[in-house]
Chemist: 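Here you go, one structure.
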Amino acid sequence: MTKPIKIVPSLLAADFSNLAAEIKKVESAGCDWIHIDVMDGHFVPNLTVGPFIVKAIRKITKLPLDTHLMIENPEKHIPSFVEAGSDSVTIHAEACHGNLKEVLKLIRSHNTRAGVSLKPASPLSMIDSVLNEADLVLLMTVNPGFGGQAFMPEVLPKISELRKKFSGDIEVDGGINRLTSKETIKAGANVLVAGTAIFGAPDAAQAIREMRNT
Ligand code: DX5
Ligand code: ZN
């Protein structure tokens with residue numbers, strides 16, 4: 001059974017001085033969820049936004065908010081991101097130190113969808129034992145930290161491998177555009193995050209359509 005494809009704009013590539021208009025733009029362009037990248041300057045070298053901004057975004061859209069935590073010790077901050085209005089919270093397996101299963105359970109205990117993410121170089125064996133606790137697996141197709149990087153095709157076999165054993169959402173993030181979307185869908189991904197390819201496109205609706213209809 002093939003899952004419907006979801007296209008999820010990453011706000012990292014949006015104009016933050018005009019965030020409400022940017023969100024309305026992708027909403028009317030037909031996107032499915034909104035992806036919010038949270039970076040702490042430790043797990044990744046960059047710093048972005050916290051729960052305060054998620055709460056502000058919650059007020060201006062009804063679309064599901066897909067929060068991607070690229071932070072160390074995510075368990076400390078899960079309640080604030082849930083209260084701010086996240087519909088799914090995704091943590092990195094590499095940022096949990098022996099408590100990955102507990103952290104996923106903690107997310108679900110808030111009636112929020114739980115996601116686990118892997119960097120391109122991290123093997124699936126890091127999450128094999130927690131797949132039952134995850135609604136979503138986010139396979140990074142660039143090294144996390146910055147938008148606008150080139151897609152890493154070496155992640156494709158990991159997507160196919162995961163699809164054999166996981167029936168939940170498989171999300172890909174990093175360098176996704178109308179060309180790379182095809183390969184990831186073919187490999188088994190059904191949720192496609194894209195920043196530059198959507199916010200940088202002259203016509204966001206067309207960009208979304210092209211990624212969906214592959
Ligand atoms: C990178 C972030 C991505 C990023 C994707 O660490 O997780 O969500 O914004 O941006 P593009 O689509 O430009 O590669
Ligand atoms: Zn992301």
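In listed order, ligands and their atoms are each counted from 1.
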Chemist: Which atoms of ligand 1 have any heavy atom of G174 under 4.0 Å away?
Modeler: 14 (O)
Chemist: Is the shortest side-chain heavy-atom distance between L63 and C31 below 4.5 Å?
Modeler: yes
Chemist: Pick one of side chain, backbone, both or neither for how S10 approaches ligand 1, counting any non-hydrogen atom pair under 4.0 Å.
Modeler: side chain
Chemist: With only distance considered, is G148 within less than 3.5 Å of ligand 1 through an N or O on each side?
Modeler: yes
Chemist: Evaluate M70 for polar contact with ligand 1, using N/O atom pairs at a separation under 3.5 Å.
Modeler: no
Chemist: Please report the shortest heavy-atom distance between L11 and I36, naming the atom on each side.
Modeler: CD1-CG1, 4.2 Å
Chemist: Answer with yes or no whether the side chains of D66 and H68 bring together a donor and an acceptor at under 3.5 Å.
Modeler: no
Chemist: For ligand 1 and M140, I'd like to know whether there is a polar contact (N/O to N/O, distance under 3.5 Å).
Modeler: no
Chemist: Can you name the nearest heavy-atom pair linking E72 to H42, along with the distance?
Modeler: CG-CB, 4.2 Å
Chemist: Under 4.0 Å from any heavy atom of H68, which atoms of ligand 1 are there?
Modeler: 7 (O)
Chemist: Can you pull out the closest protein heavy atom to atom 2 (C) of ligand 1? Residue, atom name and distance to 0.1 Å, please.
Modeler: D37 OD1, 3.4 Å
Chemist: Nearest protein heavy atom to atom 6 (O) of ligand 1, by residue and atom, and its distance?
Modeler: G145 N, 2.8 Å
Chemist: For atom 12 (O) of ligand 1, what is the closest protein heavy atom, and at what distance to 0.1 Å?
Modeler: G195 N, 2.7 Å
Chemist: Which protein non-hydrogen atom lies closest to atom 14 (O) of ligand 1, naming both residue and atom, and how far is it?
Modeler: G175 N, 2.8 Å
Chemist: Which pairs, with at least one residue in residues 164-173 and sequence neighbours excluded, count as a salt bridge (Lys or Arg N to Asp or Glu O under 4.0 Å)?
Modeler: R113-D169, D128-K165, E161-K164
Chemist: Compare every heavy atom of T180 with every heavy atom of G175, then report the nearest pair and how far apart it is.
Modeler: O-OG1, 2.9 Å
Chemist: Evaluate the ring planes of F43 and H92, with Trp represented by its six-membered ring, and classify them as parallel (under 30°), tilted (30 to 60°) or perpendicular (over 60°).
Modeler: tilted
Chemist: Is it true that L179 and I185 fall in one hydrophobic cluster, defined by side-chain heavy atoms closer than 4.5 Å?
Modeler: no
Chemist: Closer than 2.8 Å to the Zn ion (ligand 2), which protein N, O or S atoms?
Modeler: H35 NE2, D37 OD1, H68 ND1, D173 OD2
Chemist: Relative to the heavy atoms of M39, which atoms of ligand 1 are at a distance of less than 4.0 Å?
Modeler: 6 (O)
Chemist: side-chain contact (heavy atoms from CB on, under 4.5 Å) with I91: which of V103, L106, T67, I71?
Modeler: V103
Chemist: With a cut-off of 4.0 Å, which atoms of ligand 1 are near a heavy atom of A194?
Modeler: 12 (O)
Chemist: Starting from atom 10 (O) of ligand 1, find the nearest protein heavy-atom neighbour and note its residue, name and distance.
Modeler: G147 CA, 3.6 Å
Chemist: Among the heavy atoms of F146, does any lie under 4.0 Å from an atom of ligand 1?
Modeler: yes
Chemist: For the pair K24 and E27, find out whether any cationic side-chain nitrogen is under 4.0 Å from an anionic carboxylate oxygen.
Modeler: yes
Chemist: Would K25 pass as a cation-pi partner of F199, given that its NZ or CZ must be under 6.0 Å from the six-membered ring centre and within 45 degrees of the axis?
Modeler: no
Chemist: Just going by heavy-atom distances, which of D173, T196, V172 is nearest to atom 7 (O) of ligand 1?
Modeler: D173
Chemist: For P120 versus V155, what's the shortest heavy-atom pair and its separation?
Modeler: CB-CG2, 3.9 Å
Chemist: Considering the heavy atoms of P144, write down every atom of ligand 1 situated less than 4.0 Å from one of them.
Modeler: 6 (O)
Chemist: For a quick check under 3.5 Å, do R163 and N190 share a side-chain donor-acceptor pair by atom type?
Modeler: yes
Chemist: Do D87 and R58 meet the salt-bridge criterion of a basic N to acidic O distance under 4.0 Å?
Modeler: yes
Chemist: Could you tell me which atoms of ligand 1, counted from 1 in the order shown, lie closer than 4.0 angstrom to a heavy atom of H35?
Modeler: 8 (O)
